[in-house]
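Model, not experiment: these values are computed from the prediction.
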Amino acid sequence: MTTHAPQAAQAVTLPTTLDEAVAALTAMPAAVPVAGGTDLMAAVNSGQLRPAALVGLGRISEIRGWQYQDGHALLGAGLTHARMGRPDFAALIPALAAAARAAGPPQIRNAGTLGGNIASAAPTGDALPVLAALEATLIIAGPDGARREMPVSHLLAGMEMLRAGELIGYVRVPLLHAPQVFLKATGRTGPGRATASVALVLDPARRGVRCAVGAIAPMPLRPLEAEQWVASLIDWDNGRAVVPEALHGFGEYVAAACIPDAAPDEDGSVAQLPPAVLHLRRTVAALARRALGRALS
């Protein structure tokens with residue numbers, strides 16, 4: 001696997017179907033599933049993880065594509081960032097394609113997968129705020145061919161967890177046929193880990209705006225009140241027009257909801273947020289404002 005691993009895995013299983021992979025994990029409870037390995041191998045190399053066995057998912061063709069299903073796209077968990085970044089996928093789910101293209105350098109995009117991004121649940125995972133804004137649902141594969149569904153937000157928030165022997169098989173995403181935007185800020189020029197990210201999608205059928213902020217908390221944050229407020233100001237019957245002041249207000253509303261002021265002291269005074277936190281709040285406000293402006297333009 002690597003010349004730097006403190007301890008090599010004792011066994012590697014390479015199933016060709018999702019149910020075979022589940023059976024292998026059930027038979028070897030200590031085994032760790034691996035797809036692209038971009039996060040797993042970093043943990044192995046640093047000595048944080050020493051798996052007794054690996055179940056490789058790279059040969060399972062059924063989870064490496066997508067299909068249409070009742071107004072939704074059923075995305076295989078094995079889809080790579082590089083594949084999701086291509087124009088045909090971008091026409092389907094623009095925000096997820098944009099997040100995939102921003103996921104890192106080519107070697108990361110070629111190896112990293114959608115399911116791995118979700119399962120590792122790193123706060124800086126670029127796909128996560130997009131999936132939260134789209135209100136995506138996971139299709140979980142379990143022993144004996146069992147399948148169950150779980151909102152992706154539940155897994156990311158720890159409200160529900162994968163059980164022994166289970167794998168993320170598919171991600172079901174609604175096809176909104178409306179503008180979607182993903183923006184992120186990094187600490188340097190070019191590809192890099194997000195210091196803050198914003199995914200915003202319009203839902204014209206429900207006259208709604210959905211927004212999720214990533215990288216600033218352990219899970220994506222949904223500023224629901226800000227969504228409802230700005231949706232009420234959009235003229236959905238007249239080209240989705242909105243006054244410029246609403247764009248600025250939306251950015252400030254989102255930033256304040258996700259990075260609130262400190263709680264008042266006993267004497268009623270409120271401590272000033274540290275400069276780094278204020279800068280992060282301004283960054284979130286700018287990203288949210290720009291995302292909404294692009295979606296409505």
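With a 4.5 Å cut-off on side-chain heavy atoms, Leu183 and Val181 count as touching. When side chains are defined from C-beta on, Leu79 does not count as touching Ile63, because their heavy atoms never get closer than 4.5 Å. Taking the side chain as every heavy atom from C-beta outward, Leu75 and Leu96 approach each other to under 4.5 Å. When side chains are defined from C-beta on, Ile234 counts as touching Leu296, because their heavy atoms get closer than 4.5 Å. The side-chain heavy atoms of Val55 and Val34, taken from C-beta on, include no pair separated by under 4.5 Å. A heavy-atom distance below 4.5 Å is found between the side chains of Leu74 and Ile139. Here the side chains of Arg210 and Leu176 are in contact, with some heavy-atom distance below 4.5 Å. Between Ile93 and Gln180 the shortest side-chain heavy-atom distance falls below 4.5 Å.
Taking every heavy atom of both residues into account, Gly115 and Ile168 meet most closely at O-CD1, 4.1 Å. Closest heavy-atom contact between Thr13 and Ala24: CG2-CB, 4.1 Å. When all heavy atoms of Ala262 and Ala271 are compared, the pair lying nearest together is CB-O, 3.9 Å. Shown here for Pro129 and Phe182, the closest heavy-atom pair between the two residues is CG-CE1, 4.1 Å. The two residues Val198 and Cys211 make their nearest non-hydrogen contact at CG1-SG, 3.9 Å. Minimum interatomic distance between Ala100 and Arg109 (heavy atoms only, all atoms of both residues): O-CD, 3.2 Å.
Note: Leu233 CG to Leu247 CG = 10.0 Å, rounded to the nearest 0.5 Å. Distance check: Leu155 CG to Leu138 CG gives 6.0 Å after rounding to the nearest 0.5 Å. The distance from atom CG of Leu57 to atom OG1 of Thr113, rounded to the nearest 0.5 Å, is 8.0 Å. In this structure, the separation between CG on Leu25 and CD on Glu20 is 12.0 Å, given to the nearest 0.5 Å. A distance of 4.0 Å separates CE in Met159 from NE2 in His154, rounded to the nearest 0.5 Å. Here Asn117 contributes atom CG and Thr124 contributes atom OG1; the two are 8.5 Å apart, rounded to the nearest 0.5 Å.
Using modelled atom types, one side-chain atom of Lys184 and one backbone atom of Ala102 make a donor-acceptor pair closer than 3.5 Å. Counting only distance, with no hydrogens or angles, the side chain of Trp236 and the backbone of Ala231 share a donor-acceptor pair below 3.5 Å. Between the side chain of Arg101 and the main chain of Gly85, a donor-acceptor pair closer than 3.5 Å is present. When atom types are taken as modelled, the side chain of Arg147 and the backbone of Ala141 share no donor-acceptor pair closer than 3.5 angstrom. Remark: the backbone N or O of Thr17 is not paired with any side-chain donor or acceptor of Glu62 at under 3.5 angstrom. Side-chain atoms of Thr195 come within 3.5 Å of backbone atoms of Ala185 as a donor-acceptor pair (strictly under, hydrogens ignored).
Annotation: Arg64, atom CZ; neighbour count of heavy atoms from other residues, nucleotides and ligands within 6.0 Å does not exceed 12. More than 12 heavy atoms of other residues, nucleotides or ligands sit less than 6.0 Å from atom CZ of Arg240. Residue-environment remark: CG (Asp235) exceeds the threshold of 12 foreign heavy atoms within 6.0 Å. Within 6.0 Å of CD in Glu225 there are 12 or fewer heavy atoms belonging to other residues, nucleotides or ligands.
One hydrophobic cluster holds both Leu114 and Leu134 under the rule that ILVMFWY side chains link at heavy-atom gaps under 4.5 Å. Val284 and Leu278 end up in the same hydrophobic cluster when Ile, Leu, Val, Met, Phe, Trp and Tyr side chains are linked at under 4.5 Å. Both Leu221 and Leu273 are members of a single hydrophobic cluster when ILVMFWY side chains are connected at heavy-atom separations under 4.5 Å. Val230 is connected to Leu287 through a chain of hydrophobic side-chain contacts under 4.5 Å among Ile, Leu, Val, Met, Phe, Trp and Tyr, so both are in one cluster. In the hydrophobic clustering of this structure, Ile216 groups with Leu292; members are Ile, Leu, Val, Met, Phe, Trp, Tyr whose side-chain heavy atoms approach within less than 4.5 Å, directly or through other members.
The pair Arg222-Glu135 counts as a salt bridge, with a side-chain nitrogen and a carboxylate oxygen less than 4.0 angstrom apart. Electrostatic pairing of Glu252 and Arg281 does not count as a salt bridge here, judged by no charged N lying under 4.0 Å from a carboxylate O. Salt-bridge annotation for Arg83 and Asp88: present, with a side-chain N of the basic residue lying under 4.0 Å from a carboxylate O of the acidic one.
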Report the C-alpha distance between Arg148 and Glu160 in whole Å, list the side-chain angles of each, state the deciding distance to 0.1 Å, and finish with yes or no for side chain to side chain contact (heavy atoms under 4.5 Å, CB included).
CA-CA 12 Å; Arg148 68 185 181 98; Glu160 294 185 64; 3.6 Å; yes
Output, in order, the C-alpha distance, side-chain angles, deciding distance and verdict of side chain to side chain contact (heavy atoms under 4.5 Å, CB included) for Ile140 and Leu162.
CA-CA 8 Å; Ile140 309 297; Leu162 294 179; 3.6 Å; yes
Ring pair (Phe, Tyr, Trp, His ring centres under 6.0 Å) between Tyr170 and Trp66, intermediate numbers included:
CA-CA 9 Å; Tyr170 302 92; Trp66 70 82; over 10 Å; no
May I have the step-by-step check of salt bridge (Lys or Arg N to Asp or Glu O under 4.0 Å) for Arg193 and Asp126, ending in yes or no?
CA-CA 8 Å; Arg193 292 188 180 273; Asp126 291 321; over 6 Å; no
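A donor-acceptor pair shorter than 3.5 Å cannot be found between the side chains of Thr16 and Arg59.
Proximity of the aromatic rings of Tyr253 and Trp229 is defined here by a centroid distance below 6.0 angstrom, and this criterion is met.
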